[in-house]
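A, B, ... follow the sequence lines: proteins, then strands. Residue 1 opens every chain.
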2 protein chains.
Amino acid sequence: MKLGQQEIVAAALQLVDEQGLDRLNMRALAARLGVQASALYWHVGDKAELTSLMAASFYARALAAAPVEAGWRAWLLGFGHAFRGALLAHRDSARLCAIAKPIGDAQGSAERLAAPLVRAGLSRHAALSALASVISLALGWAVYEQSNALHDHLAEMVGFDESFTAGLQAMVVGFPDPAPADRA
Amino acid sequence: MKLGQQEIVAAALQLVDEQGLDRLNMRALAARLGVQASALYWHVGDKAELTSLMAASFYARALAAAPVEAGWRAWLLGFGHAFRGALLAHRDSARLCAIAKPIGDAQGSAERLAAPLVRAGLSRHAALSALASVISLALGWAVYEQSNALHDHLAEMVGFDESFTAGLQAMVVGFPDPAPADRA
DNA sequence: ACCTGAACACCGTTCAAGT
DNA sequence: ACCTGAACACCGTTCAAGT
């Protein structure tokens with residue numbers, strides 16, 4: 001099996017899932033791939049770039065899992081749950097996203113994410129704004145939810161899933177309908 | 001000036017404000033305090049504990065800046081803005097909160113934060129749930145907002161303040177009134 | 001009680017050298 | 001083009017020793 005960015009990112013995610021984010025280091029990752037640590041730098045350039053790639057995979061998976069065509073409210077709800085799902089599928093994913101410095105064309109990715117909302121009738125500004133709020137909400141929840149020690153105490157107290165859903169629902173319902181002048 | 005947790009945390013926040021989170025290390029921090037790195041371990045125990053203390057200072061400041069008595073919606077809005085303000089007052093604060101492992105009595109702090117909401121008529125569960133959503137939203141926004149490279153691109157595209165306010169407003173308005181059976 | 005000085009283990013990264 | 005081996009700088013942490 002040849003070594004490439006794909007395999008490296010996959011192995012890194014696997015390593016984090018098993019050992020946690022603070023056990024992710026270039027030597028351990030290289031060992032898992034049967035290679036020397038310095039070999040990774042041919043494919044990745046930087047540990048920061050590696051974490052950015054890992055974070056990007058969450059967004060990509062969320063977008064893929066989001067509803068295809070729907071009203072903008074339904075799409076926002078769907079995407080919110082999809083992004084949350086993508087995060088919860090991996091250990092320490094939220095911390096990973098928080099650490100990750102934005103990669104490549106952040107501008108472009110944002111537009112691509114917002115495109116379904118624009119197609120559904122929101123202005124570019126309203127779409128980006130609402131999307132950022134939904135992403136922020138999901139990311140923030142995941143941060144606290146994955147904070148290991150917190151998890152035990154708060155799981156029973158609050159019920160992460162229902163509470164997140166309640167917050168998301170409230171927010172999306174609360175977003176105003178696009179003003180007539182704001183239509184495409 | 002004697003060395004204590006207070007001064008260490010303050011100096012650490014100052015250092016991060018000036019140099020950024022990834023330049024925060026025990027040696028630089030010690031040097032700033034005119035002391036040896038190993039001396040810090042008498043007062044702090046751990047770098048993780050230090051970051052937790054730093055993160056805790058944000059929550060404390062937000063609680064202090066929140067409205068004293070108000071309806072639960074108004075209090076939530078006020079606290080949301082206060083927490084956001086506390087985060088934006090320091091560089092890399094959101095990443096700091098994401099990294100920080102919960103300190104001491106997370107249970108107790110959560111209750112203390114939620115107390116004003118309970119006094120305003122929400123059930124304990126509804127209060128914790130709503131509060132967590134507001135905190136998550138503010139934290140999530142701050143993560144993206146402080147992501148240096150992102151800041152430049154997105155600042156004009158979205159308008160962080162208005163968009164955060166819109167999301168917060170929508171969410172708080174969208175929270176249902178407490179059911180009669182759910183009253184204190 | 002509080003701090004110094006020196007050390008240890010670990011980690012990101014580089015680079016000449018190999019194939 | 002892709003990887004090894006060895007090295008460098010840096011950092012968290014410990015601990016005996018000082019005062």
For DNA chain C, the residues among residues 40-49 of chain A that have a non-hydrogen atom under 4.0 Å from it: A:Tyr41, A:Asp46, A:Lys47
Rounded interatomic separation in angstrom, taking [atom1] from [X] and [atom2] from [N]:
{"X": "A:Gln36", "N": "C:dT19", "atom1": "CD", "atom2": "P", "answer": "15 Å"}
{"X": "B:Arg27", "N": "D:dC10", "atom1": "CZ", "atom2": "C1'", "answer": "7 Å"}
{"X": "A:Asp22", "N": "C:dC11", "atom1": "CG", "atom2": "P", "answer": "11 Å"}
{"X": "B:Asn25", "N": "D:dG12", "atom1": "CG", "atom2": "P", "answer": "5 Å"}
{"X": "A:Leu33", "N": "D:dC2", "atom1": "CG", "atom2": "P", "answer": "15 Å"}
{"X": "A:Met26", "N": "C:dT14", "atom1": "CE", "atom2": "C1'", "answer": "13 Å"}

Suppose we screen for side chain to side chain donor-acceptor pair (under 3.5 Å). Which residues come up paired with B:Glu49, at least two apart in sequence or across chains? B:Gln5
Check whether any side-chain heavy atom of A:Thr165 sits under 4.5 Å from a side-chain heavy atom of A:Glu162, and report yes or no. no
For residues B:Phe58 and B:Phe83, establish whether the separation of their ring centroids is below 6.0 Å. no
Which ranges of DNA chain D pair up as stems, where a stem means three or more consecutive Watson-Crick or G-U pairs with both distances under 3.5 Å? C:4-8 with D:12-16, C:12-16 with D:4-8
Quick one: label B:Leu24 by what it contacts on the DNA or RNA (base, sugar-phosphate, nothing), any heavy atom closer than 4.0 Å. sugar-phosphate
Using every non-hydrogen atom in the two residues, find where B:Ala66 and B:Ala82 come nearest and quote the distance to one decimal. N-CB, 4.2 Å
Rounding to 0.5 Å, atoms CG (A:Asp17) and OG (A:Ser93) come to a distance of 8.5 Å
For a side-chain contact (heavy atoms from CB on, under 4.5 Å) with B:Val134, tell me which candidate from B:Leu76, B:Leu139, B:Leu117 qualifies. B:Leu76
Looking at A:Lys101 and B:Asp22, is there a salt bridge between them, counting it only when a charged N and a carboxylate O are closer than 4.0 Å? yes
Is A:Glu7 salt-bridged to A:Arg32, cutoff N-O under 4.0 Å? no
